[in-house]
Number of protein chains: 2
Amino acid sequence: MKTAYIVFAHGSRIEAANDAVRALAAELAHRGGYELVEVAFLDCAPPDLSTVIGRLAEQGATRIVVIPYFLTLGRHTAEDLPRIAAEASRIHNGIRVDIAPPMDGHAALIGILLDRAREIAD
Amino acid sequence: MKTAYIVFAHGSRIEAANDAVRALAAELAHRGGYELVEVAFLDCAPPDLSTVIGRLAEQGATRIVVIPYFLTLGRHTAEDLPRIAAEASRIHNGIRVDIAPPMDGHAALIGILLDRAREIAD
């Protein structure tokens, strides 16, 4: 089984925001030692998730792990993402697509908010 | 100067997502030792930012720190938020409203994505 990873973000009309997601994906590949890591966007920027799943399947991936770069379980992650993943799996010969939980609930989030509060507090 | 903090999130139609933001704000108050911490939402759920700024001003806050619970500098944080903050300041006797940076760029984010990738990898 050859696993590929997709950092799946909302996408922004502000290109610097999309670049930040791409930089995170590159860092994920580096730190995780993952060979196949791509970025896909829900909206506002290409490429979309189905396109990227197809590209990774062509590169030999037999399993896709989608990592939502979303804070909360909103309608995008709760409704849109499973639907898109199921469609992509059907199109690409039933390739296995697993979806990681959103970032919400991770213990490190509160540390980020605390840092942001303190940075601007003075 | 009495500073109050507002965790400002997008808001979701999924109430569990909004509850998660409220829990984070409570944790921020506890961990940061902050007396006045509230939550406000851009969309999909009350209360809105202006309402919360007014409520905190009534409680004696003379300065508001808005902490965006947004990952990236999208249009909400780059455009909507400064406009809303400026309007609220004008309405509430020129109360000072400072906006912290979004979470993007914080070193802890990559750790969260790595954890999410590893949790589902096996």
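Numbered from 1 within each chain, the chains take letters A, B, ... in sequence-line order.
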**OP:** Could you pull out all residues at least two apart from A85(A) that satisfy side-chain contact (heavy atoms from CB on, under 4.5 Å)?
**Re:** V97(A), I99(A)

Original post:
Do the side chain of R116(B) and the main chain of P68(A) share a donor and acceptor less than 3.5 angstrom apart?
Top reply: no

Original post:
Is any residue of residues 24-31 of chain B within less than 4.5 Å of chain A by heavy atoms, and which ones?
Top reply: L24(B), E27(B), L28(B), R31(B)

Subject >> For the student: nearest non-hydrogen atoms of D104(B) and A20(A), plus distance >> reply: OD2-CB, 3.5 Å

Subject >> ring pair (Phe, Tyr, Trp, His ring centres under 6.0 Å) against F8(B), all qualifying residues, sequence neighbours excluded >> reply: F70(B)

Original post:
Considering only heavy atoms, which portion of N18(A) lies under 4.5 Å from any heavy atom of chain B: side chain, backbone, both, or neither?
Top reply: neither

Original post:
So which of D115(B), V66(B), I112(B), L109(B) has the largest heavy-atom pair count under 4.5 angstrom toward chain A?
Top reply: I112(B)

**OP:** Identify the heavy atoms of L113(A) and M103(B) that sit nearest to each other, and give their distance.
**Re:** CD2-CE, 4.3 Å

**OP:** Please round to the nearest 0.5 Å and tell me the distance separating atom CG of L114(A) and atom OH of Y34(B).
**Re:** 6.0 Å

List the atom pairs, donor and acceptor, that lie under 3.5 Å between side-chain atoms in residues 45-56 of chain A and the rest of the protein, sequence neighbours left out.
| residue | atom | partner | partner atom | Å |
| --- | --- | --- | --- | --- |
| D48(A) | OD1 | S50(A) | N | 3.4 |
| D48(A) | OD1 | T51(A) | N | 2.9 |
| D48(A) | OD1 | T51(A) | OG1 | 2.7 |

Subject >> Interchain contact, I67(A) with chain B, by part (heavy-atom threshold 4.5 Å) >> reply: side chain

Original post:
Based on non-hydrogen pairs under 4.5 Å, which of G32(A), A16(A), P101(A) is most in contact with chain B?
Top reply: P101(A)

Original post:
Can you tell me how far OH of Y69(A) sits from CG of L71(B), rounded to the nearest 0.5 angstrom?
Top reply: 4.5 Å

